[in-house]
Amino acid sequence: MDLALLRTFVTVHRAGSFTRAAALLGLSQPAVTSQIRTLERQLGRPLFLRQARGVTPTTIGDELAHKAAPHLDALVEITETGLDDESSLRTLHLAGPPEFTAERALPALTELTGEDGQGFALRASFGNAEETLEGLAAGHHDLAICTARPRGALLTASTLCDEEHVLVAAPVWPGELGSEEAAESVPADKRAPAFENIPVIEVHESLPFVSRYWASVFDSRPAAPGTVVVPDLRAVLACAAAGAGLAVLPRYLCAAALERGDVVALHEPPVPPLRTYFLVVRTGTLAMPHIARAHEWLLRAASDWC
C-alpha cells in the first residue's frame, strides 16, 4: 500500500475535510479526492461519508486510522528529527494569548532552552484563539495555548489551568462609591448598580471580560461602554491603577498590584468567574520528543498556577 495515500488518508481523517487536508498537505483538493478514491478502490470499502460540511469516517475508516496513524507519526518523527545530525537543536514554535504566554508559559519553558542534549530553541507568537488554532492546524506552530477547545480529530487538547477573574479599580473609586456600597456586607445583587457609575477599561469594544463577569456574578449586562479600550491586559491594568476606571483582570496578572495597593478588588463573589486554558497540539505530534517534553513541562508547571 502506498504510504503517500495513507498519509493523505490520515490527514483527511484528522482534518475532517478534503479542503483543509489539501491545505495541510500542500495539494489541490482534486488531488486529495483522487488519492482517497484510489485508496478506497484498493481496499474495496468506502473510508468516508461525504457531507455538506466535510467528511465523516466510516467504521472501516476509523479502524484504518487507528492502526495506521501511530506508524505514520513515527515515520514523520524520524524524518523531522533526522538521522545524521542528532546534536542539532530543535525549535519549538509556541503560540498563545500575549499576556498569559508572556507571564506564565514563556518563563516556564525557558528552563528547557539551550544545548543540553534535550533542550530546544524557542519561538513564540501571539494571537487570539481562532488565529492560534488556525496557525496550529496549518503547521505554523507546534504548541498552542488558547481558551477554546478545538473540535475534530486534527487537534488534541489538554486542560491546562483555570484563571480567576477579579473586578478591580484604583483605591479612589471605592471611596467615591460611598462606604455603604463598598462594604463587604452589601449583597452582590445590590452592588452592581453602584459599579455602573465607574468608567470601563477593556481589551475590546465588545467588553468581553466585563460582560462575562457581569453575566456570571450579577446576572446582567454592564450598562457603561468602554471608556478606555486597549488590546492588552497589561495595559488595562496600568490604566486601572492610574484611576481610569474599573477592569476585570486575571488574578495572576493583578495579584502584585493588589498586594501593593495599586488597585483594590471592588467585589469578592463567593464563586469567582473562571476561564479555562487548553494546551493544544496537532494529533500525533507528541511523538516528537521536544514537543512532548514542552507539553509535559507546561502541564506540570500549570499545577502551581491554579
Side-chain angles (χ1 to χ4, degrees), residues 7-33 35-36 48 50-57 65 69 72-73 76-77 80 90-106 109 120-161 163 202-206 208-209 212 231-233 250 275-288 290-292 294-295 298-299 302:
R7 178 170 177 259
T8 298
F9 161 72
V10 170
T11 304
V12 172
H13 185 272
R14 288 171 171 170
S17 162
F18 285 174
T19 302
R20 174 165 284 188
L24 292 171
L25 293 167
L27 300 174
S28 66
Q29 182 175 334
V32 170
T33 302
Q35 289 187 21
I36 295 300
F48 296 103
R50 280 67 169 176
Q51 299 179 333
R53 295 184 178 181
V55 293
T56 300
L72 287 171
D73 292 337
V76 169
E77 164 60 9
E80 289 281 346
R90 302 299 306 274
T91 299
L92 180 82
H93 295 270
L94 173 72
E99 305 87 357
F100 186 89
T101 305
E103 299 289 330
R104 292 298 204 194
L106 287 177
L109 287 178
F120 48 75
L122 181 60
R123 302 291 184 269
S125 59
F126 301 141
N128 59 36
E130 182 178 359
E131 295 167 342
T132 298
L133 292 178
E134 286 181 357
L136 179 65
H140 301 315
H141 318 307
D142 299 314
L143 280 176
I145 298 170
C146 65
T147 55
R149 182 187 289 275
R151 297 179 179 178
L154 179 62
L155 302 178
T156 301
S158 301
T159 301
L160 186 61
C161 66
E163 67 175 15
E202 258 286 8
V203 295
H204 191 270
E205 297 289 351
S206 62
F209 283 84
R212 189 182 301 115
D232 191 296
L233 289 172
R275 183 168 68 163
T276 301
Y277 282 96
F278 299 96
L279 185 58
V280 190
V281 297
R282 288 188 305 283
T283 300
T285 57
L286 287 179
M288 301 180 185
H290 70 300
I291 298 178
H295 186 272
L298 283 175
L299 290 177

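Positions are given from 1 along the sequence. All values below come from the heavy atoms of this structure, side chains included, with hydrogens, waters and symmetry mates left out.
- Not a single donor-acceptor pair under 3.5 Å links the side chain of R149 to the backbone N or O of V280.
- No side-chain heavy atom of T132 sits under 4.5 Å from any side-chain heavy atom of I145.
- When all heavy atoms of A21 and A15 are compared, the closest pair comes out as N-CB, 4.0 Å.
- Nearest heavy atom pair, residue F120 against residue A294, reads CZ-CB, 4.0 Å.
- Without hydrogens or angle criteria, R282 side chain to L136 main chain gives a donor-acceptor distance under 3.5 Å.
- Closest approach of E99 to P231, counting heavy atoms only: OE2-O, 4.4 Å.
- What you find for V203 and P208 is that their closest heavy atoms are CG2-CG, 3.8 Å.
- Taking both residues in full, the closest heavy atoms of H295 and V281 are given as CD2-CG1, 3.9 Å, listed atom of the first, atom of the second, then distance.
- The line from OG1 of T8 to CD1 of I36 is 6.0 Å long, rounded to the nearest 0.5 Å.
- Classified by interplanar angle (parallel below 30°, tilted 30° to 60°, perpendicular above 60°), the ring pair H13/F48 is tilted.
- The side-chain heavy atoms of D142 and M288, taken from C-beta on, include no pair separated by under 4.5 Å.
- Using a distance-only test at 3.5 Å, with no hydrogens or angles considered, no donor-acceptor pair links the side chain of Q35 to the main chain of F9.
- Between the side chain of R14 and the backbone N or O of T283 there is at least one donor-acceptor pair closer than 3.5 Å.
- The side-chain heavy atoms of T147 and Y277, taken from C-beta on, include a pair separated by under 4.5 Å.
- Across all their heavy atoms, L94 and L106 have their closest contact at CD2-CD2, 4.0 Å.
- At least one donor-acceptor pair under 3.5 Å links the side chain of E131 to the backbone N or O of N128.
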